[in-house]
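Notes follow once the structure below has been shown.
For the numbers below, each heavy atom of this structure counts, side chains included, while hydrogens, waters and symmetry mates do not. Chain A is the first sequence line, chain B the second, and so forth, proteins listed ahead of strands; every chain is numbered from 1.
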Number of protein chains: 2
Amino acid sequence: MHVNPHLLRTFVAVLDQRSFSAAASVLGYTQSAVSQHIAALEADLSTRLIERRPVAPTPAGARLLEHAPALLLLLDAARADITRLRHTHPTRLTLAHAPAALGPAVARALAQLRTTTHPLDLEVRVLGRDAVIENVLTGGADIGLVDGAAAPSDPLPLPNLGPTTTLAAAEETLAVLFPRDHPLAGRGSVRLIDLTQAQWIDAPDTAIPLDRLRAVCRADGFHPRVRHRGTDLHGLAALAAAGHGLAALPLPLAATLPGIAAVPVAAPRLVHRTELIHPANPTEAARRFADLVTDRQVPDRPQDIVR
Amino acid sequence: MHVNPHLLRTFVAVLDQRSFSAAASVLGYTQSAVSQHIAALEADLSTRLIERRPVAPTPAGARLLEHAPALLLLLDAARADITRLRHTHPTRLTLAHAPAALGPAVARALAQLRTTTHPLDLEVRVLGRDAVIENVLTGGADIGLVDGAAAPSDPLPLPNLGPTTTLAAAEETLAVLFPRDHPLAGRGSVRLIDLTQAQWIDAPDTAIPLDRLRAVCRADGFHPRVRHRGTDLHGLAALAAAGHGLAALPLPLAATLPGIAAVPVAAPRLVHRTELIHPANPTEAARRFADLVTDRQVPDRPQDIVR
DNA sequence: TCACGTGCATCAGTGTTGCTTATGCACGGT
DNA sequence: ACCGTGCATAAGCAACACTGATGCACGTGA
C-alpha cells in the first residue's frame, strides 16, 4: 500500500510521543499495529525512518516529518471544505484571531453584523497565527484574522495551504514597545534598523515575529532574549515594561498597554496589517462579515487576494 | 478506509477522462473498481461528488478537485525528498527552467560548473513555471529556474508547496515587446500603466503572465487578445511582431528577438527576476550549481529565502 | 416509440491487507 | 547477572479491495 495518511498519522504520533506504545494508546491501536505501520512506511520508502531506543527520527525520517503535517492538514482542509457545503448555519459565526488582530475596525464590523443578523451566535477564539489559519482551513473556525508587518498595502506573506481568500481588514501604525524609563521611550519615532542589536522578546504568537522583522528590514539581528509563547498580550506587555526586551505591536493597541511607551516605527515604511482569511467557500455568516469588513473600507477598498 | 490518496487519484482520473471506464483503463483497474472507489469517497464524505451521464463534478466534487492535485503533489514531493537522500549522483544534474529564465548569468554559472565537474551529465528541460516547480518538488529535476516580474530585490510570489529553498539568480530590465512599426516602438521607455488598455498576448508559460502584471501594477486591464500556451519564445515573438498583442520579457532576451522592438519598462519600478529553486535537501550537483550562481553575485549577494 | 448499445452500478467470489493476541528478543538499569 | 521495559515478530482472523459477471438506466437512431 502506498504512503497512506493513516501511516503518516501514526508516524507523526510515534515521534511526538517518542514511543511506539504511547502512540498506540493515543491512536487507539495496539503497539503491534504501530510497529507494523512504521515497518510498512519504511518498507515503502525502503529507508529506515525511525531510530529505536531511543525513538528518534533518522535523517530520512526528519524529512518526512517536515512534510507530514502539511499533508495531514491539507487532507483535513479538503474534508472540511466539502462538509462546509452542507452544514452552514446562517446565524452561527466562529471567529479565530491572533491576539493583536482584533482591532477597532473589525470590532465595529462585528457590531454591525449583530445588528443585521438577529440571533447572532458568535464564538471568538484567540490563537497563534498558524493555528488561526489551521482552524480556518479545517473548519474549526468560519473566518480568521491574522496580523503581521508589511509595506503599506502589501499583502502579508501567509503560508499558502489550500484555497483561501484573504482580504485586508485594517492597517495601523506599527509601534515598538519600550519600558517607560527607556532612553528611546520619549522619541516620536524610531527606525527598526537602529534596533537590530537591541534585546528583543520573541513572541511569535502575540507580537510581530522577529524573523519577520529581519525579513522586512533585510537585516540580521533582532536576537531574542526571551521567548514568549501563548496569546497573552498583557503578560507580554509586563515583560516589555520590566525591560526584558522589545516587541512590535500596532500603535493603537500598544498605547493602551500599562507601563509601556509605544513609539511608532518610522523606517522602513511598515504598517501593522490585519488580514481576514476565509475558505474559498465561506459560510453564510462569514461571507456577510467579510462584506462588512471590506465595505467600511471604501473608497480604498483593498482587493481580494485569492491564493 | 479514510480519504486515501489512491481514491483521490482515481477521482481525478475519472474527471480528467470524463468517464469511469476510461479512467479504469488508464489506471490499470477494472471499471468496477473505479465505480467502487468513487462510491467509497462519496460514502466517506457522505456527498455525491460526481454526476454521471454525463460525468461531471458536483459542487462538492469541484471543491475536492481543487484540493486533490495539491495533495497528490505533496505526497510525491515527500517521497521524492526521501529517495533523494539515497540516490544522489554527484555528476548528474537535471535542470528545469521556464523559457525566459535561462539568461546569460545562469548560463555562465553552468559553464563554470562544467569546468569544476569533469564528466558533467547535464539535462535541461524547458517547462512552464508551475511544471518547473512541480518537477523540482517531485524529483523530476534537481534544480529549477523560474522567472517573473517583481519590484527590485523583492522575491517572486511562488506557490509554497513543500520545503524548498529559493534564491535570486538574476535581475534584468523588464521590456515590452512591440512590433517594429508600432507608434511606441521608438520610445526609450514605457509605463505599464499606460498599456493597461492595450491588446496583450497572454502567454503564461513564456512571458510574464498578465495577472501578474495586473498585480504588480495594482490595476485592472491587460486584457488578452491571444492566449498562447507552450514554451516557444520565437513563436511568441512572431505573434507580437505581427501585431497580435503585447508581451513582457527581460530586455536582453527581447532585444534579440526578430521583428521586435523591445522597450524597457520605466514604471512601476519592476525588474525581470530569475530565481533558482531547489529542494531543501539538494543533490550534490545542485548544491554546487547553486553556490556558483550565488557566488558570482557578490557583492550584493541576495539572501536565501526558505519558504 | 421502441429497440439497441453504451456505460455505470451491483453482486458474488477470492486473494490480500490490517488488525488483534501472544510471544520473542534486545537493551538498560540495579 | 538478573529483571523489566519496550519494540519486533508470528499466527490467526476479520475486513477490505480487487476481478469477473450481470443488472440496469439512459441516450441514440430508425
Give the rounded distance in Å between these two atoms: [atom1] of [X] and [atom2] of [N].
{"X": "B:Y29", "N": "D:dC16", "atom1": "OH", "atom2": "P", "result": "17 Å"}
{"X": "B:Q31", "N": "D:dG23", "atom1": "CD", "atom2": "P", "result": "15 Å"}
{"X": "B:R9", "N": "D:dA17", "atom1": "CZ", "atom2": "C1'", "result": "16 Å"}
{"X": "A:Q17", "N": "D:dG6", "atom1": "CD", "atom2": "C1'", "result": "15 Å"}
{"X": "A:I38", "N": "C:dG18", "atom1": "CD1", "atom2": "P", "result": "14 Å"}
{"X": "A:L27", "N": "C:dC19", "atom1": "CG", "atom2": "P", "result": "11 Å"}
{"X": "A:N4", "N": "C:dC19", "atom1": "CG", "atom2": "C1'", "result": "13 Å"}
{"X": "B:F20", "N": "C:dT10", "atom1": "CZ", "atom2": "P", "result": "11 Å"}

### Query
When you check the side-chain N and O atoms of B:E42 and B:S46, is any donor under 3.5 Å from an acceptor?
no
Hey, is [X] close enough to [Y] for a salt bridge, meaning N to O under 4.0 Å?
{"X": "A:R84", "Y": "A:D81", "value": "yes"}
{"X": "A:D202", "Y": "A:R225", "value": "no"}
{"X": "B:R92", "Y": "B:E284", "value": "no"}

### Query
Any donor-acceptor pair under 3.5 Å between the side chain of B:Q36 and the base of D:dT19?
yes
### Message
Tell me if the side-chain of B:S32 makes a donor-acceptor pair with the base of D:dG20, cut-off 3.5 Å, by modelled atom types.
### Response
yes
### Query
How is B:S21 classified with respect to the nucleic acid when contacts are heavy atoms under 4.0 Å: base, sugar-phosphate, or nothing?
sugar-phosphate
### Task
Determine: side-chain N/O of B:T30 to OP1/OP2 of D:dC18, distance under 4.0 Å, yes or no.
no
#### Entry: Phosphate contact (C:dG18 OP1 or OP2) by A:H6 side-chain N/O below 4.0 Å
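So the side-chain polar atoms of A:H6 never come under 4.0 Å of the phosphate oxygens OP1 or OP2 of C:dG18.
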### Message
So if I take every side-chain heavy atom of A:S35 and compare against D:dC7, C:dT20, C:dC8, which nucleotide ends up nearest?
### Response
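Closest of the options to the side chain of A:S35: D:dC7.
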### Task
Tell me which nucleotide among D:dC18, C:dC8, D:dC7 gets nearest to the side chain of B:A33.
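Output: D:dC18.
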### Query
Does A:T58 reach the main-chain N or O of A:R48 with its side chain, forming a donor-acceptor pair under 3.5 Å?
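Side chain of A:T58 to backbone of A:R48, a donor-acceptor pair under 3.5 Å: yes, one is there.
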#### Entry: Nearest-nucleotide comparison on DNA chain C, the residue closer to the 5′ end among B:A39 and A:H37
B:A39
